[in-house]
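These notes concern the structure reproduced below.
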Amino acid sequence: MDPRTLAFSHAFGRLIAGTALALAPATVGRAWVGRVGATRGAQVVTTAMGARDAALAMGLAAALRSGREPRDWIRAGVLADTADLVATLRARDEIPALSVAGVVAIAAGSAALGVYLDRALAQSAP
């Protein structure tokens, strides 16, 4: 798959995840951090994170569609994914082990894909 197509796919996945976080914060929050994820306070954070991911996805997709440089959007996504990873690892003793493993896989994988896309798109730029 060429880097642009992969970047569009990455944006789509981020949009789906962000939408789920924003529209079902209690459900996703519980899956991520356990029972505390269903509290109103946790739902505020989960909803905001969902909006963040949806915005990053839309910005990346718009840059790719218009031919603008997507680098800033990709790097912002890497930063966001890294923050999710670090925050989850810092609280790992209070989060269900399966959730920690899932977030580590998703966030680290997404950050690594972003780093790859940043380099690959820069090399394929005219």
Side-chain angles (χ1 to χ4, degrees):
M1 182 178 298
D2 72 279
R4 287 182 57 76
T5 302
L6 188 55
F8 271 114
S9 296
H10 189 51
F12 183 71
R14 186 179 293 280
L15 180 62
I16 296 301
T19 300
L21 285 161
L23 295 181
T27 301
V28 178
R30 266 193 315 273
W32 187 350
V33 296
R35 280 187 289 165
V36 71
T39 65
R40 292 239 191 236
Q43 288 180 50
V44 169
V45 175
T46 305
T47 302
M49 289 178 66
R52 172 204 73 186
D53 276 339
L56 289 169
M58 290 186 285
L60 175 56
L64 290 165
R65 272 195 313 271
S66 70
R68 291 190 323 266
E69 175 61 50
R71 173 169 279 172
D72 291 341
W73 291 106
I74 291 170
R75 289 179 177 179
V78 169
L79 178 62
D81 294 333
T82 302
D84 294 347
L85 174 64
V86 170
T88 299
L89 288 173
R90 286 175 55 191
R92 70 184 169 275
D93 293 337
E94 300 190 27
I95 298 174
L98 186 58
S99 297
V100 172
V103 171
V104 166
I106 292 167
S110 184
L113 177 57
V115 170
Y116 164 77
L117 289 171
D118 185 47
R119 292 179 180 158
L121 290 169
Q123 290 175 354
S124 67

task: With rounding to the nearest 0.5 Å, note down the distance linking CG in Leu60 to CG in Asp72.
output: 11.0 Å
- request: Locate the shortest heavy-atom distance separating Val28 from Ala20; write the atom from each residue and the value.
  value: CG2-O, 3.6 Å
query: Okay, side chain of Gln43, backbone of Gly37: is any donor-acceptor separation there less than 3.5 Å?
result: no
statement: Correct closest heavy-atom pair for Arg14 and Ser110 would be NH2-OG, 3.5 Å
message: Test: side chain to side chain donor-acceptor pair (under 3.5 Å). Region: residues 85-105. Which pairs qualify, not counting sequence neighbours?
response: Trp32-Thr88
Residue list, side chain to side chain contact (heavy atoms under 4.5 Å, CB included) with Tyr116, at least two apart or on another chain: Pro3, Leu6, Leu113, Ala120
- request: Mind listing the closest non-hydrogen atom pair of Leu21 and Asp53 along with its distance?
  value: CD1-OD2, 4.0 Å
query: Among the clusters formed by ILVMFWY side chains lying less than 4.5 Å apart, do Leu64 and Met1 turn up in the same one?
result: yes
- line: Of all heavy-atom pairs linking Ala111 and Thr82, the shortest is CB-OG1, 4.0 Å
- prompt: Which heavy atom of Ala57 sits nearest a heavy atom of Ala11, and at what distance?
  reply: CB-O, 3.1 Å
task: Go through the structure and list residues passing side chain to side chain donor-acceptor pair (under 3.5 Å) with Arg30, not counting sequence neighbours.
output: none
- line: Nearest heavy-atom approach of Leu56 to Gly77 is CD1-CA, 4.0 Å
- prompt: When rounded to the nearest 0.5 angstrom, what is the spacing between CG in Asp84 and CG in Leu79?
  reply: 9.5 Å
message: Please determine whether residues Ile95 and Val45 belong to a single hydrophobic cluster, defined as Ile, Leu, Val, Met, Phe, Trp and Tyr linked transitively by side-chain heavy-atom distances below 4.5 Å.
response: yes
query: Do Leu85 and Val104 touch side chain to side chain, with heavy atoms closer than 4.5 Å?
result: yes
message: Would a single hydrophobic cluster contain both Leu89 and Met49, if residues Ile, Leu, Val, Met, Phe, Trp and Tyr are joined by side-chain heavy-atom contacts under 4.5 Å?
response: yes
message: Please identify which of these residues, Arg75, Arg71, His10, Arg4, meets the side-chain contact (heavy atoms from CB on, under 4.5 Å) condition with Leu117.
response: His10
